[in-house]
Amino acid sequence: MTVIDPETQAGWVPEADEVDDEEEMPLSLRLSIADTLTLGNATCGFMAVYFTTTGILIPHLTGSQESGMARHSAATAVILMLCAAVFDLFDGLVARKLRSSPMGAELDNLSDLISFGLAPAYFVLVYGMVADDAHQRVAALGAIVVLLAVVLRLARFSCVTMKDGVFQGMPSPFGALTVVSIVLLELPFVATLLAILGTAWLMVSRVEYPKPRGRLAGAMLSWIVLSMGLLAAWAFDAPSGQLLLQTGCALQLVMGAVIPLFATARRVNNFRDNRREARAAQP
């Protein structure tokens with residue numbers, strides 16, 4: 001017959017629990033599928049900066065006249081930002097369906113800062129250096145405003161709790177795509193700068209934007225794929241490629257302007273409805 005000392009048993013059980021906790025802690029810090037998609041987002045943002053530098057900025061500084069190379073590199077950089085937006089869209093969906101690690105939220109903010117803050121701001125900076133009618137220092141100021149707007153927006157997103165289904169301020173992926181669309185439209189410099197500053201303001205504003213879920217997520221994905229096609233047609237100098245690109249960029253700007261108007265109109269209507277209900281409830 002085996003005799004078990006109660007004191008020994010009581011001292012052994014907590015020790016086993018402690019060992020289990022120590023073994024489980026590293027598991028909770030392992031990357032999940034959603035985290036891997038988030039890292040893909042960051043990689044696309046970094047590569048967008050790379051192609052903007054090697055294909056647009058360096059040829060300009062070295063006096064290269066290969067406009068086709070610059071066009072291909074600009075299209076590649078923007079397509080990579082679009083790919084980053086796809087990763088950003090799917091990492092949230094996967095995290096809700098499966099799980100994300102405790103690092104998920106931090107990884108998402110850091111990746112968004114690279115892909116939708118640094119990459120578009122750098123795109124604006126390089127535009128100010130290579131465009132004929134641009135002013136380099138003023139463009140650099142615009143690029144800083146874009147970067148700081150994304151930093152402030154991401155920081156506020158981490159601190160402010162919004163009602164389910166909406167964002168406060170233009171989402172950074174949408175803002176980044178709007179900024180590069182403004183540059184690709186090749187408007188006069190003053191109009192380009194004002195539109196970029198307006199987009200940066202929308203990102204830090206209190207305007208409510210719907211979260212891309214369900215049909216809206218599908219529509220957003222379809223729009224991204226269409227934008228990639230337009231960029232590819234422009235990059236390879238397809239017939240009417242320039243016109244197709246400008247049409248797509250103009251539609252991006254229209255959506256960026258119309259959504260806040262609809263959101264504002266909805267808030268005004270809700271306010272009016274609440275006042276009517278309050279008056280009706282009064283004796």
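Keep in mind it's a predicted model, so treat the numbers as computed, not measured.
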ILVMFWY network linking Met47 to Leu118, side-chain heavy atoms under 4.5 angstrom: no
After noting the C-alpha distance and the side-chain angles of Leu80 and Thr43, does the key distance pass the side chain to side chain contact (heavy atoms under 4.5 Å, CB included) rule? CA-CA 9 Å; Leu80 284 166; Thr43 302; over 6 Å; no
Report the distance from atom CD1 of Ile196 to atom OH of Tyr127, rounding to the nearest 0.5 Å. 7.0 Å
d(Cys44 SG, Leu39 CG) to nearest 0.5 Å is 11.0 Å
Show the numbers, then the answer: is there a side chain to side chain contact (heavy atoms under 4.5 Å, CB included) between Phe174 and Met220? CA-CA 10 Å; Phe174 194 87; Met220 180 179 175; over 6 Å; no
Do side-chain atoms of Thr52 reach the backbone of Phe123 as a donor and acceptor pair under 3.5 angstrom? no
Would you say Leu154 and Phe116 make side-chain contact, with heavy atoms under 4.5 Å? no
Do Leu177 and Leu221 share a hydrophobic cluster (ILVMFWY, side-chain heavy atoms under 4.5 Å, transitive)? yes
Sort out for me which residue in Val180, Asn41, Val49, Thr76 forms a side-chain contact (heavy atoms from CB on, under 4.5 Å) with Met81. Val180
Search all heavy atoms of Leu245 against all heavy atoms of Leu231 and return the closest pair with its distance. CD1-CD2, 3.6 Å
side-chain contact (heavy atoms from CB on, under 4.5 Å) with Asp35: of Asp108, Val94, Leu107, only one passes, and it is Leu107
Within this structure, what is the CZ-CD distance for the pair Arg206 and Gln168, rounded to the nearest 0.5 Å? 5.5 Å
Run the ring pair (Phe, Tyr, Trp, His ring centres under 6.0 Å) test against Phe236 and tell me which residues pass, sequence neighbours left out. His72
Close side-chain approach of Asp237 to Arg71, heavy-atom, < 4.5 Å: yes
When you group the ILVMFWY residues by side-chain heavy-atom contacts below 4.5 Å and let the links chain together, are Leu187 and Val124 in the same group? yes
Exam field: side chain Ser73 to backbone Ile56, donor-acceptor pair closer than 3.5 Å: no
Donor-acceptor contact below 3.5 Å, side chain Ser115 vs main chain Asp112: no
Where is the tightest heavy-atom contact between Met203 and Arg156, given as atom of each residue plus distance? O-NH2, 3.6 Å
On a heavy-atom basis, the closest approach of Ala149 and Val204 is O-CG1, 3.5 Å
Would you give the length of the straight line joining atom CD of Gln252 to atom CD1 of Ile182, rounded to the nearest 0.5 angstrom? 9.0 Å
Quick one: does Leu185's side chain get under 4.5 Å of Leu253's, heavy atoms only? yes
Quick check: closest heavy atoms across Ser172 and Val150, and the distance to 0.1 Å? CB-CG1, 4.2 Å
Could you check whether any side-chain N or O of Asp91 sits under 3.5 Å from a backbone N or O of Leu37, counting only pairs where one atom can act as donor and the other as acceptor? no
Reported OH-to-CG distance for the pair Tyr209 and Leu202, which is rounded to 0.5 angstrom: 4.5 Å
Same apolar cluster (I L V M F W Y, side chains within < 4.5 Å links), Leu125/Phe46: no
The test is side chain to side chain contact (heavy atoms under 4.5 Å, CB included); show your working for Val86 and Val225 and say whether it passes. CA-CA 9 Å; Val86 173; Val225 172; over 6 Å; no
Taken to the nearest 0.5 Å, the spacing of Ile114 CD1 from Tyr122 OH works out to 15.0 Å
Using every non-hydrogen atom in the two residues, find where Ala121 and Ala143 come nearest and quote the distance to one decimal. O-CB, 3.1 Å
Hey, does the side chain of Thr199 reach the backbone of Gly175 with a donor-acceptor pair shorter than 3.5 angstrom? no
Between Ile58 and Thr53, is there a side-chain heavy-atom distance shorter than 4.5 Å? yes
Find out if a path of hydrophobic residues (ILVMFWY) with successive side-chain heavy-atom gaps under 4.5 Å connects Ile144 to Trp201. no
On a heavy-atom basis, the closest approach of Leu197 and Gly142 is CD2-CA, 4.4 Å
Atom CZ of Phe189: over 12 foreign heavy atoms under 6.0 Å: yes
